[in-house]
Amino acid sequence: MKHMKHASTILRAAIAAALAASSWANAAELHSYRALALTSAGDRLAAIESGDSSGGKRPHAALAIRDAATGKILTQYDPCASCSYDQPSWSADGQALAFIATDGKAGTATLYVARGADVKPLATVKGVASTATFSPDGKQIALLATVGAKKLTGATQAGAPLVGEIGSEEDEQRIAVVPAAGGELRLVSPNDTFVYEYDWAPDGKGFAVTSAKGNGDNNWWVATLGYVDAASGALRVIAAPKMQMNLPRVSPDGKTVAFVGGLMSDFGSIGGDVFAVPVTGGEPVNLTPNYAGTFNGISWRGNSILTSALVGSDFAVVALDPARKTSRTLWSGPVTASGSRDGRFVFNGDGTLAASVHEDFTHAQHIVAGRMPKLAAITHDNDSAEPQVTARSVTWKNEGFNVQGWLISALNVDASVKHPMVVQVHGGPAAAVTPRYVSGGERDNNTTRALLRKGYFIFMPNPRGSYGQGLAFTQANKRDFGGGDWRDINAGIDAVLASAPVDGNRLGLMGHSYGGFMTMWGVTHSVRFKAAVAGAGIANWISYYGQNGIDQWMIPFFGASAYDDPAIYRKLSPIETIKTAKTPTLIYVGERDVECPPAQSIEFWHGLKAMGVDTKLVIYEGEGHGIRNPEHSKDLVQRSVAWFDDHLK
């Protein structure tokens with residue numbers, strides 16, 4: 001009991017810190033929208049929204065219900081002033097809305113149901129909960145619950161302190177069911193299995209799930225697709241393909257499960273092709289072979305599937321015919337789209353109406369909605385936010401691949417002189433840089449914004465291994481980290497130098513996670529860069545294999561474990577070529593990073609010091625894979641900008 005009390009205290013602190021950080025991220029004068037939910041009739045739209053900050057205080061997010069045609073706010077729900085809210089979900093008849101409120105101070109998660117102006121709590125979990133959805137008949141509500149959780153769910157969250165007997169107790173996220181009219185919460189799925197995602201079967205008798213036994217942070221990469229019986233809790237495996245799976249969705253006739261499958265480096269970073277498999281089990285069939293883009297959303301509508309996808313530089317809505325394996329683009333645009341648990345867009349019952357949150361480099365977030373294929377802005381809270389940068393998509397060819405990236409600079413840059421440029425490599429590697437609004441807020445704890453204000457160009461490439469060019473492109477850096485992807489980045493830099501007023505002798509390099517590894521790789525394989533900032537990187541894949549909390553992610557990318565094929569791990573380790581390093585490098589990492597433990601940053605820093613290279617190392621107390629504490633973020637921005645100023649200006 002003493003151990004559980006200690007774990008509960010840690011969890012409450014972790015939740016409180018995460019909530020504070022996520023609130024502050026939206027505090028810089030802008031209205032934010034996320035987690036859309038559209039009624040089946042398409043008349044009302046729910047969103048989690050936070051408004052402008054006031055007097056430097058962090059804004060509190062609430063649930064807003066808007067008219068889907070006009071954007072007018074009809075009502076708001078905010079039953080817990082100290083809570084954050086999770087993805088809302090409408091009942092099939094549109095009369096009720098379910099959502100979960102997490103109270104960081106209490107370490108609890110409460111399921112609420114709103115009907116009109118009436119909001120009632122139905123059940124409270126001591127721990128963590130998310131993803132509430134109504135059963136098809138509206139009589140039950142399912143959710144994912146981790147009772148007695150020792151940390152926030154996900155490998156990017158700060159890990160529990162490594163004290164006592166390690167691995168003796170694992171958090172298990174399970175499906176729970178509560179009567180919609182009120183009653184006892186019942187845990188349904190097996191108690192030895194971590195459920196990542198679920199979808200109700202249309203008869204309400206079970207769920208399609210992705211799940212794995214053992215540690216939930218580590219085993220998503222080897223999760224199977226299964227079916228959980230709602231009455232008995234029995235789990236049977238439908239398919240166990242050698243790929244990562246997201247968004248299992250059951251067809252309206254209950255016969256088929258569709259999902260996005262492919263090579264994915266992080267849970268929640270969704271990308272791949274669309275596959276389908278019978279609910280009774282079998283071999284998944286690729287419905288989108290050779291598609292020149294990356295799917296990231298699935299919504300069944302009758303016998304068709306509405307999907308969202310990243311195609312080159314554009315987000316798109318794509319309709320799939322599973323029987324013919326054909327696709328048809330309904331809408332596309334050079335924006336970043338974000339939507340709901342089904343993907344980047346939400347749709348009404350017959351799929352004729354859609355909604356999404358859109359932004360790009362020069363336009364702040366706004367909700368768009370309308371009858372496909374025409375979408376128009378229905379919110380205008382951020383209309384006064386003016387463009388702060390100039391941005392353009394850069395495309396180039398390298399070794400037979402089409403590659404794309406983004407180049408941004410401050411407005412009205414003097415093209416008669418050459419400017420310093422920082423190359424920013426994204427994490428993943430299975431991810432992509434897409435357009436995000438760059439604000440002019442001085443309080444923003446964002447290194448990119450700070451560098452732009454000081455006259456730097458920023459180049460953000462999407463090399464092989466990224467999303468947006470098809471599954472083969474995403475898979476093209478397997479067993480080749482720092483190979484073809486690094487050559488793609490350098491070819492992209494050459495393309496920028498040939499077309500923009502950038503000084504090739506004043507180049508910087510930075511990145512976080514996989515981008516941190518690529519930064520470490522870059523400074524040990526090139527003298528092209530005059531300064532670098534490596535965040536949460538990997539210096540030595542051999543030692544990393546035994547240190548990180550998610551070693552299962554490495555098998556799909558390396559082909560074998562470090563014990564079975566150590567040669568490839570050594571070959572791709574920056575520490576192996578540390579003697580060639582000459583670039584001044586600032587290194588930072590979170591103290592409790594599960595994905596990229598601080599020992600990796602220490603090892604690289606130690607190597608650079610031994611080589612006499614100018615270097616500094618900062619380890620941020622209590623942080624996980626992301627640096628979330630506002631004061632830590634501010635410190636990191638100041639250090640990073642000063643580092644580049646000292647070496648590039």
Kindly give the heavy-atom pair with the smallest separation between [X] and [Y], and that separation in Å.
{"X": "Y544", "Y": "C596", "answer": "CE1-CA, 4.0 Å"}
{"X": "A536", "Y": "D593", "answer": "CB-OD2, 3.6 Å"}
{"X": "P556", "Y": "L263", "answer": "CB-CD1, 3.7 Å"}
{"X": "G339", "Y": "V346", "answer": "C-CG1, 4.5 Å"}
{"X": "F473", "Y": "N402", "answer": "CE1-O, 3.6 Å"}
{"X": "M520", "Y": "A534", "answer": "CG-CB, 4.1 Å"}

Exercise. With sequence neighbours excluded, what pairs up with T307 under the side-chain contact (heavy atoms from CB on, under 4.5 Å) test?
Worked result: V274, F295, I305, V318, L320
Problem set entry | For T577, side-chain contact (heavy atoms from CB on, under 4.5 Å) partners two or more places apart |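 Applying side-chain contact (heavy atoms from CB on, under 4.5 Å) to T577 gives T524, H525, T580.
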Can you confirm whether the side chains of [X] and [Y] place a donor and an acceptor under 3.5 Å from each other?
{"X": "N219", "Y": "K213", "value": "no"}
{"X": "T448", "Y": "Q424", "value": "yes"}
{"X": "Y514", "Y": "D485", "value": "yes"}
{"X": "S130", "Y": "Q87", "value": "no"}
{"X": "W200", "Y": "T133", "value": "yes"}
{"X": "N540", "Y": "R570", "value": "no"}

Between [X] (side chain only) and [Y] (backbone N and O only), is there a donor and an acceptor less than 3.5 Å apart?
{"X": "S633", "Y": "I627", "answer": "yes"}
{"X": "N218", "Y": "D551", "answer": "yes"}
{"X": "S526", "Y": "R528", "answer": "yes"}
{"X": "T102", "Y": "A109", "answer": "no"}
{"X": "Q469", "Y": "N462", "answer": "no"}
{"X": "T294", "Y": "L471", "answer": "no"}
{"X": "N490", "Y": "W486", "answer": "yes"}
{"X": "Q173", "Y": "V195", "answer": "yes"}
{"X": "W406", "Y": "V394", "answer": "no"}
{"X": "S356", "Y": "R344", "answer": "yes"}

Would you check if [X] and [Y] make a side-chain contact, meaning some heavy-atom pair closer than 4.5 Å?
{"X": "H426", "Y": "P463", "value": "yes"}
{"X": "H625", "Y": "V594", "value": "no"}
{"X": "V209", "Y": "Y227", "value": "no"}
{"X": "V618", "Y": "L636", "value": "no"}
{"X": "S308", "Y": "V317", "value": "no"}
{"X": "P429", "Y": "F481", "value": "yes"}
{"X": "P284", "Y": "F259", "value": "yes"}
{"X": "L143", "Y": "I100", "value": "yes"}

Exercise. Would you call the rings of Y545 and Y569 parallel, tilted or perpendicular, where under 30° means parallel and over 60° means perpendicular?
Worked result: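 Taking Y569 first and then Y545, their aromatic rings stand perpendicular (interplane angle over 60°).
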Exercise. Do the rings of Y196 and F267 sit parallel, tilted or perpendicular, given the 30° and 60° boundaries?
Worked result: tilted
Problem set entry | Test log, rule salt bridge (charged side-chain N to carboxylate O under 4.0 Å, His left out), inputs R34 and D86 | CA-CA 10 Å; R34 63 181 177 88; D86 184 61; 5.8 Å; no
Exercise. Is there a side chain to side chain contact (heavy atoms under 4.5 Å, CB included) between V260 and D273 once you walk through the steps?
Worked result: CA-CA 6 Å; V260 174; D273 282 352; over 6 Å; no
Exercise. Between D488 and K397, is there a salt bridge with N-O shorter than 4.0 Å?
Worked result: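 No.
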Problem set entry | Ion pair R592/E623, N-O distance below 4.0 Å |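 No, no charged N to carboxylate O under 4.0 Å.
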For this session: Sequence neighbours left out, what passes side-chain hydrogen bond (donor to acceptor under 3.5 Å, both in side chains) with Q600? Give chain and number order.
Result: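 For Q600, the residues satisfying side-chain hydrogen bond (donor to acceptor under 3.5 Å, both in side chains) (neighbours in sequence not counted) are S543, Q547.
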Problem set entry | side-chain hydrogen bond (donor to acceptor under 3.5 Å, both in side chains) partners of E399, counting only residues at least two apart | R464, R487
Please list, one pair per line, the donor and acceptor atoms closer than 3.5 Å that link side chains of residues 241-251 to other protein atoms, with sequence neighbours excluded.
unit_1	atom_1	unit_2	atom_2	d
Q244	OE1	M264	N	3.1
Q244	NE2	W221	O	3.1
N246	ND2	E197	OE1	2.9
R249	NE	D342	OD1	2.7
R249	NH2	R341	O	2.8
R249	NH2	D342	OD1	3.2
S251	OG	D253	OD1	2.6
S251	OG	K255	N	3.4
S251	OG	T256	N	3.1
S251	OG	T256	O	3.3

Exercise. Is there a salt bridge (charged side-chain N to carboxylate O under 4.0 Å, His left out) between K571 and E576 once you walk through the steps?
Worked result: CA-CA 7 Å; K571 178 183 176 182; E576 294 286 324; over 6 Å; no
Exercise. Given the rule in the side chain to side chain contact (heavy atoms under 4.5 Å, CB included) test, do I270 and Y467 qualify, once you have shown the distances and angles that lead to the verdict?
Worked result: CA-CA 9 Å; I270 303 170; Y467 293 151; 5.9 Å; no
Could you list the donor-acceptor pairs under 3.5 angstrom formed between side-chain atoms of residues 323-336 and any protein atom two or more places apart in sequence or on another chain?
unit_1	atom_1	unit_2	atom_2	d
R324	NH1	D321	OD2	2.8
T336	OG1	T434	OG1	2.7
T336	OG1	P435	O	2.5

Problem set entry | CA sep, side-chain torsions, deciding dist, call: D314, L310, side chain to side chain contact (heavy atoms under 4.5 Å, CB included) | CA-CA 6 Å; D314 292 358; L310 176 64; over 6 Å; no
